[in-house]
Amino acid sequence: MNEQNILSAYQIAKERFAAFGVDTDKVLEQLDKISLSLHCWQADDVTGFENQGGSLSGGIQVTGNYPGRARNIDELRADILKATSLIGGKHRLSLHEIYGEFGDKFVDRDEVTVEHFKGWIDWGKANDMKLDFNSTSFSHPKSGDLTLANPDKEIRDFWIRHTKACRAIANEMGKAQGDPSMMNLWVHDGSKEVPANRLRYRAILEESLDEIFATPYQWMKDCIEAKLFGIGLENYTVGSYDFYLGYGAKKGKIVTLDTGHFHLTESIPDKVSSLLLFTPEIMLHVSRPVRWDSDHVVILSDELLELAREIVRCNALDKVHIGLDYFDATINRIGAYVIGCRATQKAFLRALLEPQDILNKYEDNGQLFQRLALQEELKSMPWQSVWDMYCLKSNVPVGDAYIPEIEKYEAEVTSKR
Ligand code: RNT
Ligand code: ZN
């Protein structure tokens with residue numbers, strides 16, 4: 001797109017939004033401050049670099065075998081940098097424990113230390129990307145169906161040691177980057193059939209968590225992620241939403257809302273205001289479930305838009321951490337990152353462009369027709385021109401111009417893997 005056209009279209013859009021009291025220049029600045037936490041696992045189909053040779057377990061699945069998967073740390077880093085070069089703003093990287101630098105050595109999950117992440121910390125500094133972290137309970141011989149909720153003390157203690165080690169690593173990451181690392185804990189624990197006693201495993205999980213969280217840290221924040229069910233574990237999930245919501249509210253922990261982890265007709269945006277009142281902050285795993293927790297690439301859907309709106313309406317941009325969590329191996333993986341990140345940014349841009357004051361005033365005055373009419377009109381306001389301006393200002397391709405960039409990277413790099 002020609003630069004002059006982008007500027008003129010922006011000028012017209014700016015006037016349209018100004019008529020509603022919305023300052024688009026200010027919105028562009030706000031949007032630029034929103035950091036997404038890119039999930040490292042889209043680049044390699046959640047494989048990691050542990051040299052275990054095992055397959056993905058824990059009730060999650062990646063479908064597809066598109067060529068070009070990142071096979072080692074260097075490839076993964078190059079892919080992430082390619083993706084971020086096509087996304088405006090400054091972003092974070094979320095690492096799983098299985099992405100450490102283990103060399104040719106086998107380092108078991110309870111032996112991991114910050115040494116294995118020194119390279120990542122340096123890389124983050126050099127590339128201006130702050131790091132977030134995740135413990136990894138899946139894809140390991142001791143994963144089974146139960147980890148932190150396992151009545152077998154030996155197995156349970158192994159995973160407690162692992163999770164404690166991950167918190168210590170996250171704290172070091174946070175300290176090194178001068179900004180707390182978000183440490184996400186998700187365990188797949190559950191069972192295929194209804195267990196004899198549901199309470200039993202939840203009580204064990206609570207005890208494990210208490211033990212894990214006993215050490216206070218300054219530079220990391222604990223996040224706990226619930227789930228509806230995993231594949232093969234359909235009847236019972238120990239760490240259900242009720243479980244973690246209760247735990248988070250009682251013990252002041254951050255609940256992670258993965259948008260794929262609920263009944264499909266449940267509204268995740270509707271949960272934001274309740275969590276904000278009773279838990280410290282919110283961690284998001286933005287995903288796209290199709291019929292189940294399928295982790296499709298995030299697109300600009302009504303659900304995503306409503307989630308962004310809700311966060312903006314609650315004035316909670318500084319309390320909500322936006323992580324992404326999807327994995328698609330059927331298309332170009334760098335393209336998948338860029339589509340999902342840009343869709344998320346577009347949702348926040350549209351949310352920021354809404355004239356909250358007018359909508360609130362209509363509501364206060366009981367002018368409900370006017371409120372609905374304006375909500376409808378906002379859908380066709382020229383937000384696209386503001387988006388193009390954002391890309392132009394951020395020095396990233398405008399519109400679909402990122403497609404040839406990814407094609408080029410595919411031709412030169414990923415297709416040769
Ligand atoms: C699984 C959870 C979890 C994982 C990642 C890999 O359903 O969403 O967050 O996707 O940790
Ligand atoms: Zn998730």
Side-chain angles (χ1 to χ4, degrees), residues 36-50 54-63 69-70 76 80 92-100 109 131-140 143 145 147-148 159 162-163 166 169-170 181-190 222-234 236-241 243-244 248 254-264 266 268 271 282-298 303-304 307 320-329 333 336-337 340 344:
L36 308 177
S37 185
L38 269 72
H39 52 314
C40 75
W41 49 94
Q42 161 62 49
D44 77 329
D45 311 340
V46 209
T47 307
F49 307 123
E50 214 178 25
S55 56
L56 184 60
S57 76
I60 51 178
Q61 275 177 9
V62 181
T63 41
R69 179 176 85 75
L76 187 116
I80 297 284
R92 305 172 71 97
L93 181 68
S94 182
L95 291 169
H96 247 283
E97 184 272 345
I98 49 175
Y99 289 78
R109 303 264 172 105
L131 305 176
D132 294 319
F133 204 48
N134 301 257
S135 52
T136 315
S137 70
F138 50 85
S139 307
H140 183 277
S143 295
D145 290 350
T147 61
L148 292 177
W159 291 111
H162 165 72
T163 321
C166 289
I169 294 168
S181 176
M182 304 305 289
M183 159 68 206
N184 193 56
L185 187 160
W186 168 70
V187 293
H188 55 275
D189 296 36
D222 290 303
C223 309
I224 45 182
E225 182 180 7
K227 174 153 173 151
L228 190 56
F229 73 93
I231 297 289
L233 305 166
E234 289 85 354
Y236 172 65
T237 303
V238 185
S240 60
Y241 183 58
F243 175 89
Y244 283 120
I254 298 172
V255 173
T256 300
L257 291 177
D258 184 307
T259 57
H261 288 191
F262 296 88
H263 290 281
L264 293 179
E266 239 175 311
I268 291 92
K271 298 178 191 302
I282 296 176
M283 179 76 212
L284 293 178
H285 269 189
V286 183
S287 193
R288 179 165 57 106
V290 177
R291 300 188 185 275
W292 71 290
D293 183 21
S294 59
D295 290 301
H296 276 60
V297 177
V298 165
E303 288 83 1
L304 180 60
L307 182 60
V320 180
H321 306 265
I322 311 157
L324 302 172
D325 183 10
Y326 53 82
F327 20 99
D328 188 342
R333 293 170 183 79
Y337 274 126
T344 308

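All ligand and atom numbering here is 1-based and tracks the order in the structure. From a predicted model like this one, the values you see are computed outputs, not experimental measurements.
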Report yes if some N/O of [X] lies less than 3.5 Å from some N/O of ligand 1; otherwise report no.
| X | result |
| --- | --- |
| Asn134 | no |
| Asn184 | no |
| Asp295 | no |
| His285 | yes |
| Trp41 | no |

As an exercise, identify every atom of ligand 1 less than 4.0 angstrom from a heavy atom of [X].
| X | value |
| --- | --- |
| Lys227 | 1 (C), 7 (O) |
| His261 | 1 (C), 2 (C), 7 (O), 8 (O) |
| Asp293 | 7 (O) |
| His96 | 5 (C), 6 (C), 11 (O) |
| Ile60 | 1 (C), 7 (O) |
| Asp258 | 8 (O) |
| Glu225 | 2 (C), 3 (C), 8 (O), 9 (O) |
| Phe327 | 10 (O) |

Using only heavy-atom distances, determine whether the side chains of [X] and [Y] contain a donor-acceptor pair under 3.5 Å.
| X | Y | value |
| --- | --- | --- |
| Ser287 | Asp293 | no |
| Ser137 | His188 | yes |
| Thr256 | His285 | no |

Could you tell me whether ligand 1 has any atom less than 4.0 Å away from a heavy atom of His39?
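No, His39 has no heavy atom closer than 4.0 Å to ligand 1.
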
Any His188 heavy atom less than 4.0 Å from ligand 1
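Flag not set, His188 not near ligand 1.
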
Can the ring centres of His140 and Trp159 be said to be less than 6.0 Å apart?
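Centroid distance His140-Trp159: below 6.0 Å, so yes.
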
Would you say the rings of His261 and Tyr244 are close, in the sense that their centroids are separated by under 6.0 Å?
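For Tyr244 and His261, the ring centres are not under 6.0 Å apart.
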
Given Asn134, which partner from the list Cys166, Cys223, Ser94 fulfils the side chain to side chain contact (heavy atoms under 4.5 Å, CB included) test?
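The residue from Cys166, Cys223, Ser94 that satisfies side chain to side chain contact (heavy atoms under 4.5 Å, CB included) with Asn134 turns out to be Ser94.
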
Side-chain touch [X]/[Y], heavy atoms, less than 4.5 angstrom:
| X | Y | result |
| --- | --- | --- |
| Asp222 | Leu185 | no |
| Trp292 | Ile231 | yes |
| Met182 | Ile254 | yes |
| Lys227 | Leu233 | no |
| Lys271 | Glu266 | yes |
| Trp186 | Ile60 | yes |
| Ile98 | Arg109 | yes |
| His39 | His96 | no |

In the protein, N/O/S atoms that are found under 2.8 Å from the Zn ion (ligand 2), waters not counted:
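Those protein N, O or S atoms (cut-off: under 2.8 Å from the Zn ion (ligand 2)) are Glu225 OE2, Asp258 OD2, His285 ND1, Asp325 OD2.
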
Identify the closest protein heavy atom to atom 10 (O) of ligand 1: which residue and atom is it, and at what distance?
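Answer for atom 10 (O) of ligand 1: Asp325 OD2, 2.8 Å.
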
